[in-house]
Amino acid sequence: MVVECKRYVADFKAVEQLQRYVKKIKELKGLQHVRGIIASPKISPNALQMLHDLKFEWKQANPPNYLERYDKKQK
């Protein structure tokens with residue numbers, strides 16, 4: 001299983017990144033099936049459709065509150 005975590009909105013770039021990770025794990029471990037999940041507070045409609053097409057999943061998840069202090073320094 002590969003889980004890609006995003007702090008804000010997951011877009012198609014996040015899905016492409018997850019796809020690359022899943023492909024690499026399959027190659028390195030010699031596996032036929034690797035589950036791919038994106039965890040984020042929100043996801044764009046295009047990204048969600050792309051996930052479904054690739055048979056990956058999206059789980060709504062919010063980052064822990066203690067990470068809020070870093071939001072001002074990171075975009």
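The hydrophobic cluster containing Ile37, built from Ile/Leu/Val/Met/Phe/Trp/Tyr side-chain heavy atoms closer than 4.5 Å, also comprises Met1, Val3.
Between Pro41 and Arg7, the shortest heavy-atom distance links the atoms CG-O, 3.2 Å.
Atom NE2 of His33 sits about 10.0 Å away from atom CG of Leu31, to the nearest 0.5 Å. Expressed to the nearest 0.5 Å, how far CD1 of Ile38 lies from NZ of Lys59 amounts to 12.5 Å.
Applying the side chain to side chain donor-acceptor pair (under 3.5 Å) definition to pairs two or more places apart or across chains, those involving residues 36-49 are Ser40-Trp58, Gln49-Asp53.
The hydrophobic clustering, which links ILVMFWY residues whose side-chain heavy atoms are closer than 4.5 Å, places Leu48 and Leu54 together.
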With a 3.5 Å cut-off and sequence neighbours excluded, list the donor-acceptor pairs that the side chains of residues 15-30 form with protein atoms.
| unit_1 | atom_1 | unit_2 | atom_2 | d |
| --- | --- | --- | --- | --- |
| Gln17 | OE1 | Lys6 | NZ | 3.2 |
| Gln17 | NE2 | Tyr21 | OH | 2.8 |

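At a threshold of 4.5 Å between non-hydrogen side-chain atoms, the residues Cys5 and Pro63 do not count as touching.
Evaluation of the salt bridge (Lys or Arg N to Asp or Glu O under 4.0 Å) rule for Lys13 yields no partner, not counting sequence neighbours.
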